[in-house]
Amino acid sequence: MTETEFDFLRAYLKQRSGLALTAEKRYLVESRLSPVCRRFNLAGLTELVGCLRVARDGAIERAVVEAMTTNETFFFRDRTPFDLFRDVLLPGALAARANQRRLRIWCAAASTGQEPYSLAMLLAEAAPRLAGWRVEIVATDLSTEVLEKAKLGLYNQFEVQRGLPVQLMLKHFTQVGEQWRIAESLRQMVDFRPLNLLQPFEQLGTFDIVYCRNVLIYFDTTTKADVLRRISDQLAPDGAVLLGAAETVIGITETLVPDPEHRGLYRHGRAAASGGLANSGLANPGLANLGLAASHAAPVPSYQGHAAPAAGATAASGLPSAAAALAGLRWASR
């Protein structure tokens, strides 16, 4: 691959996916795009670049972009964002949305589905307190390939051993050969849609909670600021945004500001003084009666230090099914 071809690919990927590649990433481009060449019977990267220049094959264009995206994910990744959802954001939503009884959540870089399904499991655990509520989880990703896997809800032994507590796996998964399939009731809770964050997404509507984790780190500062601004436009005035552990809004945008009490949590800049879902629920003395305040949270298992049972294990007796846990809770129709 010549320097000119590499420069073309860098510009192409930034325009199509926001991926900002530095000069030392040349090896990464070669290693990830060589399989694309073989898949489409191309002689090498020179021929691949030629195809992209004339835009002759949409399938090749999509394959190039998807090959360069990073799809690293696992259940309850980093733990804290899910503790915040269970102990802070969900109680806050129950208090703030008591009249509307509606909650909308967006996972903006859903990959193979572990993040939205982790939230679905937490909502299933809280289903008795959400009876009569309309809840919607929208999960988007640039890659249609990973979204197809996410929709299947089928994971191998290694994937269910990463972050998923045994107790939740036995309750919400069924073994299929050497793989594990998440319950149909939980799959129905998540609406997977293809979406490029560089393109308009106002058609998604307004959300109360947005997870946009571990994707902005691949963008340059200008792109980060644009995406964050447009996310804030889709956020309810008292809503909350959660970013990855290595991501921040500081020095990038003022449309979102860090929550002073919860690391990794961000709110509208204009709502910072009055607070939002991050604290409205915990400030409500009546919330303890709902059984969801931080000190009264349902005993959802810890998200770390638990390996899934070996292949062949069976579900523990006495655990209610996902369908039973979700009785009375309405999920938004798709």
**Message:** As an exercise, state the distance from CZ of F201 to CD of Q234, rounded to the nearest 0.5 Å.
**Reply:** 6.0 Å
**Ring centre gap for F173 and F75 strictly below 6.0 Å** =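 Yes, close enough.
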**Request:** Give a yes or no on whether a salt bridge exists between E125 and K171, defined as a side-chain N under 4.0 angstrom from a carboxylate O.
**Result:**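 Yes, charged N to carboxylate O under 4.0 Å.
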**Item:** Reported CG-to-OG1 distance for the pair N196 and T140, which is rounded to 0.5 angstrom
**Value:**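 Between N196 CG and T140 OG1, I get 9.5 Å after rounding to 0.5 Å.
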**Prompt:** Between Q175 and Q179, does a side-chain hydrogen bond (donor to acceptor under 3.5 Å, both in side chains) hold up when you go through it step by step?
**Reply:** CA-CA 6 Å; Q175 190 168 1; Q179 296 186 299; over 6 Å; no
**Prompt:** Roughly how far, to the nearest 0.5 Å, is CG of L103 from CZ of R97?
**Reply:** 7.5 Å
**Item:** Heavy-atom pair with the smallest gap, counting every atom of A126 and L90
**Value:**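 Shortest heavy-atom contact: CB-CD2, 3.8 Å.
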**Prompt:** When you check the gap from the basic side-chain N to the acidic O, do E66 and R16 get nearer than 4.0 Å?
**Reply:** no
**Prompt:** Where do L216 and E247 come nearest, in terms of heavy atoms and distance?
**Reply:**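 Residues L216 and E247, closest heavy atoms: N-OE2, 2.8 Å.
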**Asked** What is the distance from atom OG1 of T73 to atom CZ of R213, rounded to the nearest 0.5 Å?
**Response**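 One gets 8.0 Å once the value is rounded to the nearest 0.5 Å.
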**Asked** Are L9 and L42 joined in one hydrophobic group, where the rule is that I, L, V, M, F, W and Y side chains link up if heavy atoms are under 4.5 Å apart?
**Response**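 Result: yes, single cluster for both.
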**Asked** When you look at CZ of R263, are more than 12 heavy atoms from neighbouring residues, nucleotides or ligands closer to it than 6.0 Å?
**Response** no
**Request:** May I ask you to say whether E145 pairs ionically with K151, meaning some side-chain N is under 4.0 Å from a carboxylate O?
**Result:** no
**Asked** Got a second to check how far Q114's CD is from M121's CE, nearest 0.5 Å?
**Response**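 Rounded to the nearest 0.5 Å, the CD-CE separation comes out at 9.0 Å.
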**Prompt:** Can you name the closest pair of heavy atoms from R104 and V138 and give their distance?
**Reply:** NH2-CG2, 3.9 Å
**Item:** Nearest-0.5 Å distance, CG of residue L243 to CG of residue L228
**Value:**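 L243 atom CG to L228 atom CG measures 6.0 Å (nearest 0.5 Å).
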**Item:** Presence of salt bridge, D226 and R229, under 4.0 angstrom
**Value:** yes
**Request:** List the steps, then state whether side-chain contact (heavy atoms from CB on, under 4.5 Å) holds for Y218 with L21.
**Result:** CA-CA 8 Å; Y218 301 107; L21 290 170; over 6 Å; no
**Prompt:** Less than 4.5 Å apart, any side-chain heavy atom of E159 and any of N156?
**Reply:**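 Side-chain contact under 4.5 Å: yes.
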**Nearest heavy-atom neighbours spanning L152 and R187** =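 Of all heavy-atom pairs spanning L152 and R187, the closest is O-CD, 3.4 Å.
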**Request:** Could you check D233 against R230 for salt bridge (Lys or Arg N to Asp or Glu O under 4.0 Å), going step by step and ending with a plain yes or no?
**Result:** CA-CA 5 Å; D233 289 343; R230 290 186 292 119; over 6 Å; no
**Message:** Regarding K224 and D220, does a basic nitrogen lie under 4.0 Å from an acidic carboxylate oxygen?
**Reply:**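 Salt bridge: no.
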**Asked** Would you call L123 and I137 a side-chain contact if the rule is heavy atoms closer than 4.5 Å?
**Response** yes
**Prompt:** For K25, does the NZ atom sit with more than 12 other heavy atoms under 6.0 Å from it, leaving out its own atoms?
**Reply:**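 No - once you tally the heavy atoms of other residues, nucleotides and ligands closer than 6.0 Å, there are 12 at most.
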**Item:** ILVMFWY cluster, F192 and F74 together (side-chain gap under 4.5 Å)
**Value:** no
**Prompt:** Would V65 end up clustered with L45 when hydrophobic side chains under 4.5 Å apart are linked, directly or stepwise?
**Reply:** yes
**Request:** Decide yes or no on side-chain contact (heavy atoms from CB on, under 4.5 Å) for R193 and L204, but give the supporting numbers first.
**Result:** CA-CA 10 Å; R193 307 182 194 178; L204 296 179; 3.3 Å; yes
**V160 reachable from V146 in the ILVMFWY side-chain graph, under 4.5 Å edges** =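 No, no single cluster joins them.
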**Prompt:** So, do L197 and V215 sit near enough that their side-chain heavy atoms are less than 4.5 Å apart?
**Reply:** yes
**Message:** Are L19 and Y12 linked, directly or through intermediate hydrophobic residues, by side-chain heavy-atom contacts shorter than 4.5 Å (ILVMFWY only)?
**Reply:** yes
**Prompt:** In terms of the angle between their ring planes, are F82 and Y211 parallel, tilted or perpendicular, with boundaries placed at 30° and 60°?
**Reply:**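 Aromatic pair F82/Y211 classed parallel.
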**Prompt:** Step by step, would you call K14 with T223 a side-chain contact (heavy atoms from CB on, under 4.5 Å)?
**Reply:** CA-CA 10 Å; K14 185 176 187 302; T223 306; 3.9 Å; yes
**Request:** With side-chain contact (heavy atoms from CB on, under 4.5 Å) as the test, would you mind laying out the steps for C107 and L119 before giving the verdict?
**Result:** CA-CA 10 Å; C107 293; L119 294 173; 3.7 Å; yes
**Request:** Under the side-chain hydrogen bond (donor to acceptor under 3.5 Å, both in side chains) rule, what do T4 and T2 come out as? Steps first, then yes or no, please.
**Result:** CA-CA 5 Å; T4 300; T2 67; 4.6 Å; no
**Item:** Heavy-atom closest pair, residues L33 and A67
**Value:**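 Looks like CD2-CB, 4.1 Å.
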**Message:** Which heavy atom of L142 sits nearest to which heavy atom of S17, and what is that distance?
**Reply:** CD2-CB, 3.7 Å
**Item:** Check: L242 and L84 side chains under 4.5 Å, non-hydrogen atoms
**Value:**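 In contact.
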